[in-house]
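Down below is the structure, laid out as structure tokens.
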2 protein chains.
Amino acid sequence: MSSAGTDEPVRTRDSAATRRALLTAAQELFAAEGYDRTTVRAVADRAGVNQALLFRYFGNKEGLFSEAVRGEMMELLNAGPPEELLERTIAAMFEPVKSAEPFLAVLRGAGSSGVGADLRAELGAAYTSAFASLVDTDDHDDAVARAELLLAFLLGITVMRSIPGVGTMLTAEAASGHLRRASTALLDSSSGRS
Amino acid sequence: MSSAGTDEPVRTRDSAATRRALLTAAQELFAAEGYDRTTVRAVADRAGVNQALLFRYFGNKEGLFSEAVRGEMMELLNAGPPEELLERTIAAMFEPVKSAEPFLAVLRGAGSSGVGADLRAELGAAYTSAFASLVDTDDHDDAVARAELLLAFLLGITVMRSIPGVGTMLTAEAASGHLRRASTALLDSSSGRS
DNA sequence: CGATGCCGTAAGCAAGTGCTTACGGCCGAA
DNA sequence: TTCGGCCGTAAGCACTTGCTTACGGCATCG
């Protein structure tokens, strides 16, 4: 945990590189430790940068969080057509360490209220509408309910996998089959119309 | 936020009552705010008690957390036979405010590691084994995988419902039908054996 | 009554937090 | 070369955190 993982030792006088180093360090730490437990000193250290620069470039800790996580999430959201978002998300979730992180960062952004509330609402709406568009029904509310359940499912799996000692069987091989089956069942409007 | 909700003004010199007041205040705040954002001062204030007593009775903040949340969870786990745990949990989740709280407290107990790790692992194992026993199959790993997916589903719904502005359709009426259908699909061993 | 043992209180400490400020030095422009 | 504007740094401030300690008071028991 002490040695950095993805940081180039930016010793040059390049503000853009410094910003980038801070953002990647922030993404890693926010995802791994959550917002509260991540200190600005830790982010700056991981980026190999003085902490004062963090405030110069991002204003405050919340500004850094917002920019770091929003960028990471938008990358995944816009990586392809909405019809493939579910597949992309599932695939990302089971990658060794990689792309499940922004989800955790968002969820751990704040306990209940406060930090990143707008961001959470915005991302939730984006995912929900994308999933809801996959439901072939006229009942809008029902489509949204199914989409939100599906998103909750994905979030729950990500959360459980992040808890040490729990979710040992939630591997790609063991779980993704059941996951895809349950997902299509949730999205299939021919079953259990309300 | 400032005025307490469920606290009797314990002015008497009754250590048991003081302990209870601290525990209920802790349950409410840990569930609402998470472990990090909940301060011992806030718990003591909500309980109408001096904060020094908190340390006298529970040793430290983590001891208070452990005792408060463990008791609340064990209550739900042992409220009936394991076969009905799923139904009990779903019912508790959609109660106005009540029993979804301990789940949130456990999840928000710590970002990744540290506080309440043993508790999370213990509760996860209890739920997983209870759900796995409902799967009618000889393939133990498959049963565990299905149980963990189901638990993840429930956790995800609870988490989403706790985020303001997201999960607006995750009400009992709109969602529980789909939820029960997806749950039985996950537990039905006749579909999608690995 | 006097004494002993809890219960409750006030005050504060050491450490860590986000954030600010004043300063030194490298760079390109004039 | 000189100068002005960024980039990077060290130091510290105001505040909150979990936790401790020394003390005052009610109550029970002899």
Side-chain angles (χ1 to χ4, degrees), chain A residues 1-2 4 7-23 25-26 29-30 32-69 108-111 114-116, chain B residues 1-2 4 7-23 25-26 29-30 32-69 105 108-111 113-116:
Chain A
M1 309 298 181
S2 57
D7 56 342
E8 325 134 38
V10 201
R11 296 260 171 274
T12 71
R13 290 170 57 86
D14 184 346
S15 66
T18 302
R19 269 186 66 101
R20 258 181 281 121
L22 282 169
L23 283 176
L29 286 178
F30 281 138
E33 303 288 334
Y35 183 85
D36 289 330
R37 300 185 108 85
T38 298
T39 69
V40 294
R41 283 174 174 82
V43 174
D45 284 356
R46 190 180 191 88
V49 161
N50 189 285
Q51 54 163 328
L53 298 177
L54 190 154
F55 296 97
R56 181 177 301 182
Y57 292 137
F58 302 99
N60 54 25
K61 185 184 178 183
E62 189 167 348
L64 172 68
F65 176 82
S66 183
E67 183 159 341
V69 178
R108 291 178 177 153
V115 187
Chain B
M1 309 293 183
S2 57
D7 55 342
E8 324 133 37
V10 201
R11 296 258 171 275
T12 71
R13 289 172 57 88
D14 183 346
S15 66
T18 302
R19 270 187 64 103
R20 259 182 281 120
L22 281 169
L23 283 175
L29 286 178
F30 280 139
E33 302 288 335
Y35 183 86
D36 289 329
R37 301 184 107 86
T38 298
T39 69
V40 294
R41 282 172 173 83
V43 174
D45 284 357
R46 190 181 191 88
V49 162
N50 189 286
Q51 55 165 326
L53 298 177
L54 188 153
F55 296 98
R56 188 183 326 236
Y57 293 136
F58 302 99
N60 53 26
K61 184 184 178 184
E62 189 167 348
L64 172 69
F65 176 82
S66 183
E67 183 159 340
V69 178
R108 291 177 177 153
S113 60
V115 186

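Throughout, a chain's letter reflects where its sequence line sits, starting with A, and its residues are numbered from 1.
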Atom pair distance, as rounded to whole Å: CG in B/Asp14 and C1' in C/dG8: 13 Å
Spacing between A/Asp45 atom CG and C/dT17 atom C1', to the nearest angstrom: 14 Å
Distance (rounded to the nearest 0.5 Å) between A/Leu29 CG and A/Phe65 CZ: 12.5 Å
Residue pair B/Leu64, B/Leu23: steps toward the side chain to side chain contact (heavy atoms under 4.5 Å, CB included) verdict: CA-CA 7 Å; B/Leu64 172 69; B/Leu23 283 175; 4.1 Å; yes
Minimum-distance pair of heavy atoms, taken over all atoms of A/Tyr57 and A/Ser15: OH-CB, 3.3 Å
A/Lys61 versus A/Asp36, closest heavy-atom pair with distance: NZ-O, 3.8 Å
Nearest-Å distance for atom pair CG/P, residues A/Leu64 and C/dC19: 10 Å
Nucleotide-resolved protein contact map, nucleotides 17-30 of chain D, B/S/- at heavy-atom distance under 4.0 Å: BBBBB---BB----
OP1 or OP2 of D/dC7 under 4.0 Å from side-chain N/O of A/Thr18: no
Sugar-phosphate, base or nothing in reach of A/Tyr57, heavy atoms under 4.0 Å: sugar-phosphate
Between C1' of D/dC7 and CZ of A/Phe58, the distance in whole Å: 15 Å
Over all atoms of both residues, closest heavy-atom pair of A/Ala68 and A/Ala26: CB-CB, 4.1 Å
Donor-acceptor contact below 3.5 Å, side chain A/Thr18 vs main chain A/Asp14: yes
